[in-house]
S.K.: 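Before anything else, here's the structure in question.
Chain letters run A, B, ... following the sequence lines, proteins first, then strands; residues in each count from 1. What you are looking at is a predicted structure, and each value in this text was computed from that prediction instead of being measured.
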Amino acid sequence: MTLEWIGDAILLLVVLPVVVYLLRGVLNAANSIVPSVQQVATAAHAGSKDLDAAALLLTTQGQVIKTIETAADYGGSLDVILDDAR
Amino acid sequence: MPAAGVVMIVAVLLIVAALVFYLVSTILALQKITRSLDEAITGVVGIIEKSAPVNEVVTTINQHLDAGVDLLEGLLVKKAGMEDAVGLVDGLYPGAAKEGFRNFPESKTVKAPRIGEVYTKGTLTLARLGREAPIAAASPNGPALRNPVYGSLAARGLYPEGRQSRPENMPRSPIIGSDSPVQYVPSESPGVRKRMPVPAVAPKTGAEPPADEGGIVKSGLAFLRRLKNDDDQ
């Protein structure tokens, strides 16, 4: 009979607080991760949106090529028209 | 049932209740994390997909720009000579001669002549319009030189202050109309006037006779004197 009371006391005074303490630590850790992960998701979404203009690089590439070609044409003409320095 | 057994059952029930509460809460928190991570992964995948061609495109652009730099530097050095080319660039962007040309390492040692005093204004202006020239790296953040609205005003910055203010100090255009300071009498036949035009305001000096004294003769003499002075000049 005494042993049963001792077991009850251990359950109530030792096991239950330890279980509650450990589980509460796990829950707090999980809850602290949530806002961080949500910020990461928001940043990733915003970063993806910022790169929408990256497709315009193809237009820039085409314009650069045209510009350089035009400059090359002018350069060729100038090379013919103008005398060399020496 | 003994009291000790009842207390044990209650203790076990409390432990199980605590387990259920905290584990369910943890599960809910982990589910939130999973959803947020899914969103983050979606965003990251979008970033990866959108930035995939950037490297290739930028590399191509740089290759073409490098070719343009080579072309223009080579042409400038070929046509103007190394010394004048460096001087021209240094005249446009002071201090740029120290950087020299990319494909001409010897250009760094060339002493740049004061090209602004050698070349004509037009040459320097045309050259300055090419602000995007690679040698302009010394002042890439400066004001735009080629302003489509005020292009002519921007070109004035090339010259000393006296020349810049010259247009503002030029006399105004002649005033015409019934209230103009100089009135012309309509001629009866081409080239023949009754009298020469005189200012509507009387001269301040008083040295000259009034316009009505002498009439056409004196006005004609004054006109002839002015004409003679113009011919002498």
Side-chain angles (χ1 to χ4, degrees), chain A residues 1-5 7-12 15-16 19-20 22-55 57-58 60-61 64-65 67-69 71-72 74-76 78-79 82-86, chain B residues 2-8 10-12 14-15 18-19 21-23 25-30 32-54 56-58 60-62 64-68 71-72 74-75 77-85:
Chain A
M1 190 65 180
T2 305
L3 287 176
E4 288 181 355
W5 280 110
D8 291 345
I10 291 173
L11 275 178
L12 287 173
V15 176
L16 182 61
V19 168
V20 169
L22 294 177
L23 288 176
R24 192 170 182 178
V26 173
L27 179 61
N28 288 337
N31 281 330
S32 66
I33 294 173
V34 172
S36 301
V37 174
Q38 285 177 342
Q39 287 179 356
V40 170
T42 305
H45 184 69
S48 176
K49 199 172 182 180
D50 287 343
L51 281 175
D52 285 346
L57 274 175
L58 293 172
T60 305
Q61 181 186 19
V64 167
I65 292 173
T67 303
I68 296 300
E69 286 176 352
Y74 276 112
L78 286 174
D79 194 17
L82 300 177
D83 293 333
D84 291 349
R86 289 180 180 85
Chain B
V6 174
V7 171
M8 181 173 287
V10 170
V12 170
L14 285 174
I15 293 172
L19 280 170
F21 172 74
Y22 283 110
L23 288 178
S25 299
T26 304
I27 289 170
L28 293 177
L30 290 175
K32 285 184 184 175
I33 292 172
T34 303
R35 282 196 296 271
S36 299
L37 284 176
D38 288 342
E39 292 178 9
I41 289 171
T42 304
V44 171
V45 169
I47 291 173
I48 293 171
E49 290 177 349
K50 291 174 183 175
S51 61
V54 169
E56 181 184 355
V57 171
V58 171
T60 306
I61 290 174
N62 281 334
H64 283 84
L65 290 177
D66 285 342
L71 166 72
L72 295 176
L75 184 64
V77 172
K78 182 180 179 185
K79 297 302 175 184
M82 179 62 73
E83 189 175 351
D84 283 357

S.K.: Would you mind telling me which of A:Asp50, A:Val15, A:Thr42, A:Asp52 has the largest number of heavy-atom pairs within less than 4.5 Å of chain B?
M.R.: A:Asp52
S.K.: When you measure from the side chain of B:Lys50 to the backbone N and O of A:Ala55, does any donor-acceptor pair fall under 3.5 Å?
M.R.: no
S.K.: May I ask you to test the B:Val7-A:Leu11 pair for a side-chain heavy-atom distance under 4.5 Å?
M.R.: no
S.K.: Identify which part of B:Leu71 has an atom lying under 4.5 Å from any heavy atom of chain A, answering side chain, backbone, both or neither.
M.R.: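 Contact with chain A involves the side chain of B:Leu71 alone.
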S.K.: Is there a side-chain contact between A:Asp79 and B:Lys79 in this structure, where contact means two heavy atoms from C-beta onward sitting under 4.5 Å apart?
M.R.: yes
S.K.: Should the heavy atoms of other residues, nucleotides or ligands under 6.0 Å from CD of B:Glu56 be counted, would the total exceed 12?
M.R.: no
S.K.: Please identify, among B:Leu14, B:Val10, B:Val58, B:Val44, the residue contributing the most non-hydrogen atom pairs under 4.5 Å to chain A.
M.R.: B:Leu14
S.K.: I'd like to know which of B:Ala4, B:Ala3, B:Ala18 tops the heavy-atom pair count under 4.5 Å against chain A.
M.R.: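 Counting heavy-atom pairs under 4.5 Å, the top option is B:Ala4.
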S.K.: Just give me the residue among A:Gly47, A:Ala71, A:Ala54 that pairs up with chain B most often, heavy atom to heavy atom, under 4.5 Å.
M.R.: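 If we count pairs closer than 4.5 Å to chain B, A:Gly47 comes out on top.
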S.K.: Minimum heavy-atom separation for A:Glu4 to B:Met8, with atom names?
M.R.: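 Result for this residue pair: O-CE, 4.4 Å.
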S.K.: Check whether B:Leu28 gets within reach of chain A through its side chain, its backbone, both or neither, counting any heavy atom under 4.5 Å.
M.R.: neither
S.K.: What closest approach, in Å, do A:Ala30 and B:Ile33 show between heavy atoms, and which atom pair accounts for it?
M.R.: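 For A:Ala30 and B:Ile33, the tightest heavy-atom pair comes out as O-CD1, 3.5 Å.
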S.K.: If you count heavy-atom pairs within less than 4.5 Å of chain A, which of B:Ala11, B:Pro2, B:Gly74 leads?
M.R.: B:Ala11
S.K.: Which answer fits B:Leu75, side chain, backbone, both or neither, if we ask what part of it has an atom under 4.5 Å from a heavy atom of chain A?
M.R.: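 It is the side chain, since no backbone atom gets that close.
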S.K.: Quick check: closest heavy atoms across B:Gly43 and A:Ser48, and the distance to 0.1 Å?
M.R.: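 The answer is O-CB, 3.6 Å.
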S.K.: Sort A:Thr60 into side chain, backbone, both or neither according to what part of it lies under 4.5 angstrom from a heavy atom of chain B.
M.R.: both
S.K.: Going by salt bridge (Lys or Arg N to Asp or Glu O under 4.0 Å), name the residues that satisfy it together with A:Asp83, two or more places apart in sequence or in a different chain.
M.R.: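 Per chain and number, A:Asp83 pairs via salt bridge (Lys or Arg N to Asp or Glu O under 4.0 Å) with no residue.
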S.K.: Taking B:Ser36, B:Ala40, B:Ser25, B:Gly68 one by one, which has the highest count of heavy-atom pairs under 4.5 Å against chain A?
M.R.: B:Ser36
S.K.: Nearest 0.5 Å please: distance from the CD1 atom of A:Ile33 over to the NZ atom of B:Lys32.
M.R.: 13.0 Å
S.K.: Considering only heavy atoms and a distance below 4.5 Å, find which of A:Gln38, A:His45, A:Arg24 pairs most often with chain B.
M.R.: A:Arg24
S.K.: Check B:Ile47 against A:Ala44 and note the closest heavy-atom contact, atom names and distance.
M.R.: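 Looking at all heavy atoms of both residues, the closest pair is CD1-O, 3.7 Å.
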S.K.: If you define the side chain from C-beta out and look only at heavy atoms, does anything of A:Leu23 sit under 4.5 Å from B:Thr26?
M.R.: no
S.K.: How long is the span from the CG atom in B:Leu72 to the CG atom in A:Leu78, to the nearest 0.5 Å?
M.R.: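 It comes to 9.5 Å.
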S.K.: Measure distances from A:Val34 to the heavy atoms of chain B and classify the residue's part below 4.5 Å as side chain, backbone, both or neither.
M.R.: both
